[in-house]
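I have placed the structure first, in the form of C-alpha cells, so that the comments after it can refer back to it.
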Amino acid sequence: MIDRDGRIVFGSLLVFVVALTGSNIAEHQFGASLHDHPVLSFLVFGGVAVVGPQLYLAATEEEPWSRERVQFVTVATAVFATLFAADAAGMWYLVLASVGAGSLFALVCYEVLRWHRMTVDEVRPPPTDP
C-alpha cells in the first residue's frame, strides 16, 4: 500500500499528465501549444507537479518535515523559474526571473529571521512566575 505522501505526489503527477494531454489536444485542435507559453508551462510543471503537493504536505503534516519541504519548494521554484525563463522573451522573462530570485530571497529572509528568533530565545531569560 502506498503511504499518504506517495498518494499525494502520484495524484499530482496524474493531474500533470492530464494537463499535458489536454495541452496536446489543444495544440492539435487550436494550434495553441503549452511550449509556446513558458509562464503557463512553468505553472503547470513547477506548480502542479512539484510545488503544489509539497506545499500541501508541508501545510498538513507535523512540524519536523514541513520546514524541509518549504525549503525544497523555494529552491525548486527558483530552479524551474530559471529553466523556463531561458525560453521566455521580453516581459515574461522578467516575470519568471523575478519569481526565481524572489523565491530564493524569501528563503534567505525566512532562515535569517528563524536564526534570529532562535538566538534571541537563547539569550532571553525564562519568565518567572510572580
Side-chain angles (χ1 to χ4, degrees):
M1 187 84 199
I2 299 175
D3 64 340
R4 178 177 175 268
D5 292 358
R7 287 192 310 261
I8 291 170
V9 170
F10 286 136
S12 70
L13 290 177
L14 179 65
V15 171
F16 175 67
V17 168
V18 168
L20 286 181
T21 304
S23 169
N24 282 338
I25 291 171
E27 182 179 359
H28 291 296
Q29 294 293 323
F30 306 114
S33 173
L34 187 63
H35 303 289
D36 296 337
H37 305 286
V39 174
L40 186 58
S41 299
F42 166 70
L43 291 175
V44 169
F45 184 74
V48 172
V50 178
V51 172
Q54 295 300 321
L55 282 178
Y56 175 77
L57 288 169
T60 59
E61 70 183 5
E62 298 300 320
E63 181 61 32
W65 293 105
S66 63
R67 181 169 163 252
E68 285 82 7
R69 288 192 191 276
V70 171
Q71 290 171 345
F72 172 76
V73 163
T74 55
V75 171
T77 300
V79 168
F80 288 128
T82 304
L83 289 174
F84 284 102
D87 293 335
M91 182 185 73
W92 297 117
Y93 173 80
L94 184 61
V95 168
L96 287 171
S98 298
V99 166
S103 174
L104 289 178
F105 182 71
L107 178 62
V108 169
C109 289
Y110 170 76
E111 291 297 328
V112 166
L113 182 64
R114 185 175 173 276
W115 171 77
H116 175 68
R117 285 183 180 164
M118 285 178 18
T119 57
V120 167
D121 288 343
E122 289 175 1
V123 173
R124 185 181 310 150
T128 59
D129 290 334

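Residues: numbered from 1 along the sequence shown. What you are looking at is a predicted structure, and each value in this text was computed from that prediction instead of being measured.
Clustering ILVMFWY residues whenever any of their side-chain heavy atoms sit less than 4.5 angstrom apart, transitively, puts V15 in a cluster other than the one holding V9. F10 and L14 are not part of a single hydrophobic cluster, where members link through side-chain heavy atoms under 4.5 Å apart.
Of all the heavy atoms in A78 and S103, the pair that sits closest is N-OG, 4.0 Å.
Taking the side chain as every heavy atom from C-beta outward, F105 and V108 never approach each other to under 4.5 Å.
Rounding to the nearest 0.5 Å places CD1 of I2 at 12.0 Å from CD1 of I8. One distance of note links SG of C109 with CZ of R114; it measures 15.0 Å at 0.5 Å rounding.
For R117, the CZ atom sits in a loose shell: 12 or fewer heavy atoms of surrounding residues, nucleotides or ligands are nearer than 6.0 Å.
Identified under the side-chain hydrogen bond (donor to acceptor under 3.5 Å, both in side chains) test for residues 68-82, with sequence neighbours left out: D5-R69, Q54-R69, E61-R69, Q71-E111.
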Next on the checklist: Using side-chain contact (heavy atoms from CB on, under 4.5 Å), reason through V50 and F16 one step at a time and then give a plain yes or no.
Outcome noted: CA-CA 10 Å; V50 178; F16 175 67; over 6 Å; no
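The residue from V79, V99, L96 that alone fulfils the side-chain contact (heavy atoms from CB on, under 4.5 Å) condition with F84 is L96.
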What side-chain donor-acceptor pairs closer than 3.5 Å can you find for residues 40-49, not counting sequence neighbours?
from : atom 1 : to  : atom 2 : distance (Å)
S41  : OG     : L34 : O      : 2.5
S41  : OG     : H37 : O      : 3.0

